[in-house]
Amino acid sequence: MRYNVYKNVIECTLSIKETVAYIITSRNYILYQDCLAKMNTIAEAVENEQGPEAIKIRNTLNAMYLQFQESETKVKADADVDAPTLLALSKTLATQCKEGLKYKINILFVAELASKWDAMESVYKAFLERDDCEVEVVLEPVFRAARLASGEAESETIYDDWLTPLGIKHTPYAEYNFAEKKPDITFISQPYEAETIPEFWPENIAKHSRLVYIPFNTVLKLVSTTDYHNAFKLPVLEHSWKIICQSDRMKEYYRRYASGNANKVIVTGLPKWDYAMVHDRQNTPCPEEWKEKLEGKKVFLYSTHYTDQFATMSSENRGVINFFLGRTDCALIWRPHPMTETVNKQYNPENYARYKANEAAALKSSNVIIDRDPSYANAFVWSDILISGENSFLAQYLLARKPIILRTPDLQANDISGLFEFLKLPFFYNRESLSQIVSLFIADPETNKKNREQLLEKFFSHAKGNVGYVVCDTMMRMFYREEGTI
């Protein structure tokens with residue numbers, strides 16, 4: 001039974017009990033009709049409930065119907081009504097409904113790409129443990145577009161069932177109807193209307209549910225107009241019931257740039273941080289095909305975007321991969337953006353040829369792996385050091401207490417947001433500087449550790465491995481505060 005139905009049933013029983021008591025003292029028997037209407041509401045609500053308690057409630061309702069009919073007959077005959085029995089039945093009904101009926105608050109998680117499930121996974125698991133909630137997952141399609149420097153765009157539709165292999169039951173998007181289901185609380189991490197169908201746009205979900213927005217990315221900089229728009233001007237903020245926030249400083253920016261929605265912002269840290277703190281080599285086995293290439297080596301993860309294959313970045317990629325091809329003490333896991341091949345093949349044949357050459361060299365090598373798995377779990381767990389630009393991997397590696405090597409930090413030169421300090425991390429700008437940094441980490445794994453610990457303490461104070469539980473408990477307290485408890 002949904003909570004709103006349960007709540008209405010309890011309110012009906014209390015009203016019936018009060019009305020019967022008033023009828024007895026006032027002898028205003030016209031009010032019987034009010035009681036019958038509320039009894040009908042209860043009967044409808046418990047019609048499909050199973051178990052002995054539901055049977056008791058239906059039996060009590062039947063006894064009350066008979067008692068009301070007998071009372072009505074006696075009133076017409078100007079005879080005394082059996083008021084004590086009627087009052088006792090109304091009290092019994094109230095007790096049976098409150099103690100015997102069980103309610104569930106319907107919680108919905110809208111899943112999209114496998115690589116983004118970490119944004120909600122710990123919240124999902126926390127809700128599964130609650131007796132007062134029923135949890136559902138619906139898988140939505142995603143339109144992924146790559147915007148090129150020329151202004152052209154390449155797009156693809158992604159709809160793969162990655163949930164079933166994880167043992168997560170879900171409903172296909174075509175079979176889910178928000179207007180019919182009316183979930184009590186809906187969690188999303190995909191805020192862009194252009195990336196999914198209208199049924200899953202925030203404004204449409206919010207018509208039927210309390211919408212909670214959990215940002216997928218940890219915001220580390222605010223430089224461009226796009227940065228500010230993506231953080232503070234998206235329509236999802238307007239339509240959300242609550243907005244999960246990474247830090248108190250970030251909440252200040254909401255107050256400054258999204259003042260109309262700042263009261264919805266709840267600082268808990270991001271649930272995706274839990275993922276980085278609980279996944280390890282005990283619960284994430286190494287893929288068999290990786291073992292030979294990784295064994296006995298310091299493993300680096302190299303994360304690239306599809307735009308990295310254009311202009312000067314293509315030569316950097318070749319340099320990084322060639323550098324590791326020449327090392328026997330290191331291994332490289334390369335995770336190219338899923339759109340890399342599609343975009344380059346259609347719009348930049350020259351770089352596409354270079355990309356395929358990199359790919360061929362990696363496949364033939366004894367120490368370079370190309371990871372195209374939708375989930376980054378294997379690459380994250382089985383790598384020791386990250387080589388990356390400014391992406392969501394940075395926070396995850398910091399939280400896992402793993403070293404990071406940055407590319408071209410001058411991109412952050414205009415960032416005065418105070419959300420992160422990129423220059424506390426080592427960076428490279430050519431093959432020689434990369435070689436020096438790699439040698440430092442191999443010689444001393446503690447290199448740069450003090451700076452990383454300072455970054456964690458300063459910018460990730462809410463990361464304690466329990467953000468999912470904090471979000472779950474906070475949302476439920478706010479839900480009950482609004483709905484009222486019975």
Side-chain angles (χ1 to χ4, degrees), residues 109-128 137 139 142 144 158-170 187 189-190 214-218 269-295 297-305 331-340 362 367-389 391-405 456 460 463-469 471:
F109 290 85
V110 179
E112 40 150 347
L113 301 177
S115 59
K116 293 186 176 181
W117 180 239
D118 64 334
M120 299 191 288
E121 183 180 39
S122 64
V123 184
Y124 165 78
K125 289 181 176 179
F127 271 104
L128 285 179
V137 178
L139 182 61
V142 174
R144 177 148 48 191
I158 302 171
Y159 188 72
D160 298 318
D161 176 13
W162 50 268
L163 290 164
T164 299
L166 295 179
I168 300 174
K169 294 181 180 179
H170 71 282
F187 290 90
S189 62
Q190 198 296 96
I214 303 178
F216 169 72
N217 287 316
T218 304
L270 297 184
K272 72 175 297 165
W273 297 349
D274 295 338
Y275 187 93
M277 301 176 77
V278 301
H279 279 70
D280 55 32
R281 296 184 181 186
Q282 297 297 317
N283 54 36
T284 310
C286 182
E288 286 295 325
E289 63 272 22
W290 289 14
K291 290 181 178 179
E292 185 176 349
K293 288 191 174 185
L294 301 186
E295 187 176 4
K297 301 181 180 72
K298 184 70 72 174
V299 182
F300 293 76
L301 172 61
Y302 185 37
S303 171
T304 61
H305 195 260
L332 183 72
I333 301 174
W334 177 25
R335 273 186 69 87
H337 188 283
M339 290 288 283
T340 299
N367 69 331
V368 179
I369 293 166
I370 301 177
D371 179 30
R372 294 193 176 92
D373 194 292
S375 170
Y376 67 85
N378 290 330
F380 172 70
V381 169
W382 289 95
S383 58
D384 303 303
I385 301 173
L386 173 68
I387 300 174
S388 181
N391 61 35
S392 56
F393 275 134
L394 293 185
Q396 303 300 83
Y397 268 73
L398 276 175
L399 292 164
R401 266 63 180 183
K402 293 186 178 185
I404 298 167
I405 301 174
L456 282 171
F460 298 91
K464 295 178 172 54
N466 66 340
V467 176
Y469 286 102
V471 171

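Values in this document were obtained by computation on a predicted structure and should not be read as measured data. The basis for the numbers below is simple: all heavy atoms, side chains too, and nothing from hydrogens, waters or symmetry mates.
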Check: Tyr124 ring centre within less than 6.0 Å of Trp117 ring centre: yes
Spacing of OG belonging to Ser388 relative to CD belonging to Gln396, to within rounding of 0.5 Å: 11.5 Å
Parallel, tilted or perpendicular: ring planes of Phe127 versus Phe187, cut at 30 and 60 degrees: tilted
Lys272 (side chain) donor-acceptor with Phe216 (main chain) under 3.5 angstrom: yes
Which atom of Leu139 lies closest to which atom of Asp160, heavy atoms considered: CD2-O, 3.4 Å
Pro271 versus Ile214, closest heavy-atom pair with distance: CD-CG2, 3.6 Å
Carboxylate-amine/guanidinium proximity below 4.0 Å for Lys402 and Asp280: no
Gap between atom CH2 of Trp273 and atom OG1 of Thr218 - 0.5 Å precision: 5.5 Å
Exam field: side chain Trp382 to backbone Ala377, donor-acceptor pair closer than 3.5 Å: no
Where Ala119 and Ser189 come nearest, the two heavy atoms and their spacing: CB-CB, 4.0 Å
Pairwise distance CG(Leu386) to CD1(Ile333) - rounded to 0.5 angstrom: 11.0 Å
Tyr302 side, atom OH; Ser383 side, atom OG - distance, nearest 0.5 Å: 14.5 Å
